[in-house]
Every structure is written in C-alpha cells, then in structure tokens.
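Data first, discussion second: the structure below is written as structure tokens.
So you know, we letter chains A, B, ... as the sequences are listed, proteins then strands, and number each from 1.
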Number of protein chains: 2
Amino acid sequence: MFSKACEYGIKAMIYIAQQEVGQRVGLKQIAQVTESPEAFTAKTLQILARNGVLVSFKGPTGGFSLSKDSSKINLAQIVKAIDGEEIFTGCGLGLEKCDASRPCPVHFKFASVRDGLSLMLHSTSLKELADGLDAGTVFLTQ
Amino acid sequence: MFSKACEYGIKAMIYIAQQEVGQRVGLKQIAQVTESPEAFTAKTLQILARNGVLVSFKGPTGGFSLSKDSSKINLAQIVKAIDGEEIFTGCGLGLEKCDASRPCPVHFKFASVRDGLSLMLHSTSLKELADGLDAGTVFLTQ
DNA sequence: GGTTTAAAAGACAATTTGGTCCTTATTAAA
DNA sequence: TTTAATAAGGACCAAATTGTCTTTTAAACC
C-alpha cells in the first residue's frame, strides 16, 4: 500500500508529534524508537522537511520538530509528500487516463475504495495518533 | 496499490472472460488487446494457471481459458494469486504483528479501508466486468 | 576562532520488481 | 511421423526501491 519510506515517515512523524511543542528530536532517537533504518529515515525526513511539514535544525541541540501544531497535520500530507498523488488519484489497472468519462472496468468500484482511503488520510491528524500512543492504547512497534 | 503483474493479470482475465465459454485465447492476442508486455504477461498467466483460475493449452489451437464460469471468479482470487495476502491483511505501517490486541496507531482506521477494498474485490466477478466491456461502457485501454 | 554536534547531500550497494529472450516441452494438424 | 504452433521454464537484463557510507554544511558552545 504505502512505500517503506512512507511507513517510516509516518511513524517518525507520530513520534515527533508526541513531544512537547517546539521540542527537537534527533534522528538517532527517532530511528531507534520507530525501529527504522537510520540513514534511510534521514532521507525521508529530508523530504518531509522540504515539503514543509517538518522543520530541521543542524548542530548541537539540533533535530526535527513539526512545522505546525500536530492537530493541523494529517496523514494525507505526509503520504502525498513521500509517495505522491498516485494513491489518491491513480487508476486501479494502471491506465494513464482513466476517469468517469472513459472508465476502466473497475473504475467506479475502485474509486469508492480509494476515496474512502483518501477521506481517512485527510481526516486523521497526527494529534489523535500521538494521543493514542500517550494513552498506551496503540504502539509504534511490536 | 496492485503490482504491475497484477494489473496485467486482471486485464487479461477480464478479456478472457469476454470470450465464449471454453474458447481459448492466445497470449499474443491477450497482450495486444490489453496493451501489456507479452513475455511478462506470459509469466503472470502461468501464475494464474498454477493457481487454478486459468487453464492453459499448448500447441496449435492452444491458449488460455477460464477454469470456471466467469461469474464464479472474482478479483480477490486473482489479486491473491499474484500479489498474495499482504493487501488483504497487512498492517498500514508495515508492522509484522499488528492486530486489535496490539494495534499500530492507524490500525482501526486502516483496517476499515482495507476491509472495504477486500469486500469490493471479493464481490466483483469477472462476469460483470466483461459485461461492461461488451456494453461498451468501460474500456481495457485508453 | 576552533571544536563538536547533527542534519544535508551525494555516491554507492543490495534487493525487489518489471521486463526480455532463448530453449524446451507439448500438442494439433499436414 | 514430421512440422508448426504455442505455452512453460530458465537465464538474463533494466529500472525502481530500499538501504549504507562518506563528505559537506550549519550551528552551538567553549
């Protein structure tokens, strides 16, 4: 469904969202807590920073923090930044141009599933996910 | 969402389902109509044949035909044969063991989307997709 | 200013996926 | 029984994704 980069990115973002506002978290710590490969996660965080959902700081006391309140960042922004639009708009059978005016055989059935996914991603904020972690009802690793 | 192999496989199956019952369709024709790479499609059809949703015949007048009535074959069988269980059961964040008893942060939201996809795939038969093609309301290529 | 710390950037390696080509096996038909 | 047609199988190649390592850049602190 999502790329590995995206999975790591989402987990990293949720972990960062768990910190106090403005608090910086280092790459090493993020990779450790999320059980993700450090160097690869670094690349992913760069992408997220370039896309403006994350801000990064170099040097001692450096690290990453959210660019805005965790309630203002949703999963769709993260997925879009890392994996692109494909999953939100792509055709189920890979056709370049597939829409209601010239649909592939699965277009309408697929579109409704895809729209459900899109709605879920857009309506899920980092805040609520981080809150679940705080409450101990959900987990970032097994 | 689906692998390329799976996209080609679904298109091929729909096209085969369009033929008269028992009629054999050759690889070359399938690849041409579905605009899929011939040799790669051959591999995919082999997989589908091994999984019993397709039967193949060698020699002159050889080709492929459905193993049973098109109304009895659904998209889930095809996707499962080619891409495996992952898309039906996998965790959104890639956790090996993620379930209701130890859920990842997106588990419940993701599961409901995934279940929607699963339901759609299970309830969509090749027959209805082929019927759409016959009716000219949907298309296998752009 | 020099030193240390941490992210950015780029080169590179490994793996997976997508794709081709060539040979072999099987079967229908001449 | 030979020939031609067609799928199966295996070797191989290409591209994308995943992952590592090394160097550079920026910032804090002495």
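The shortest distance between the side-chain N/O atoms of Tyr8(B) and the OP1/OP2 oxygens of dG18(C) is not below 4.0 Å. Side-chain N/O atoms of Gln46(A) include one lying less than 4.0 angstrom from OP1 or OP2 on dA9(C). Close to dT5(C), at under 4.0 Å from its OP1 or OP2, lies no side-chain N or O of Thr61(A).
One can place CD1 of Ile47(A) at 13 Å from P of dG19(D), the figure rounded to the nearest angstrom. The separation between Phe2(B) atom CZ and dG18(C) atom P is 13 Å, rounded to whole Å. Between the P atom of dT17(D) and the CG atom of Asp83(A) lies a distance of 9 Å, rounded to the nearest Å. Taking atom NZ on Lys4(B) and atom P on dA15(D), their separation rounds to 16 Å, with Å as the unit. One interatomic measurement links the two molecules: CG of Leu27(B) to P of dC21(C), which rounds to 14 Å at whole-angstrom precision. Nucleotide dA26(D) holds its P atom 16 Å from the CZ atom of Phe64(A), rounded to whole Å. What separates CD of Gln29(A) from C1' of dT5(C) is a distance of 15 Å, to the nearest Å. The distance between atom NZ of Lys58(A) and atom P of dA26(D), rounded to the nearest whole Å, is 5 Å.
Within 4.0 Å of Arg24(A), counting heavy atoms only, lies no atom of the nucleic acid at all. No contact: Lys28(B) has no heavy atom under 4.0 Å from any strand.
Closest approach to the Phe40(A) side chain among dT20(D), dG10(D), dA8(D) is made by dT20(D) (side chain taken as heavy atoms from C-beta onward). When each of dC21(C), dA8(D), dA11(C) is scored by its nearest atom to the side-chain atoms of Ala39(B), the top-ranked nucleotide is dC21(C). Listed nucleotides: dA4(D), dA27(D), dG10(D). Nearest to the side chain of Pro60(B): dA4(D). In this structure, of dT20(D), dA28(D), dA7(C), it is dA7(C) that holds the atom nearest to the side chain of Ser56(A). Of all nucleotides listed (dT4(C), dA8(C), dT18(D)), dT18(D) comes nearest to the side chain of Ser3(A). Comparing dA11(D), dA8(C), dT18(D) against the side chain of Ala49(A) picks out dA8(C) as the nearest.
Between atom CE of residue Met13(B) and atom CD1 of residue Ile30(B) there is a gap of 9.5 Å, rounded to the nearest 0.5 Å. A distance of 6.5 Å separates CG of Leu75(B) from CE of Met120(B), quoted to the nearest 0.5 Å. Distance CD1/Ile14(B) to CG/Leu129(B): 4.5 Å, rounded to 0.5 Å.
Looking at Ser3(B) and Asp83(B), their side chains do bring a donor and an acceptor atom within 3.5 Å of each other.
Comparing Gly59(A) and Leu45(A), the nucleotide of DNA chain C nearest to each residue sits closer to the 5' end for Gly59(A). Comparing Arg50(B) and Glu38(A) by the nucleotide of DNA chain D that holds the closest heavy atom to each, the one mapping nearer the 5' end is Arg50(B).
Comparing the helix axis at one end of the helix from dG1(C)-dC30(D) to dA30(C)-dT1(D) with that at the other, each defined from 5 consecutive pairs, gives an inter-axis angle of 0° (nearest 10°).
Looking only at side-chain heavy atoms (C-beta outward), Leu126(A) and Asn74(A) stay at 4.5 Å or farther from each other.
For residues 5-15 of chain B, every residue pair satisfying the side chain to side chain donor-acceptor pair (under 3.5 Å) rule, not counting sequence neighbours, is listed here: Lys4(B)-Glu7(B), Tyr15(B)-Gln29(B).
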Report task. Please test Lys109(A) against Glu128(B) for salt bridge (Lys or Arg N to Asp or Glu O under 4.0 Å), starting from the C-alpha separation and ending with a verdict. Result -> CA-CA 12 Å; Lys109(A) 285 161 179 279; Glu128(B) 67 179 295; 3.4 Å; yes
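Put simply, the side chain of Gln142(A) gets close to the backbone of Lys97(B): a donor and an acceptor are under 3.5 Å apart.
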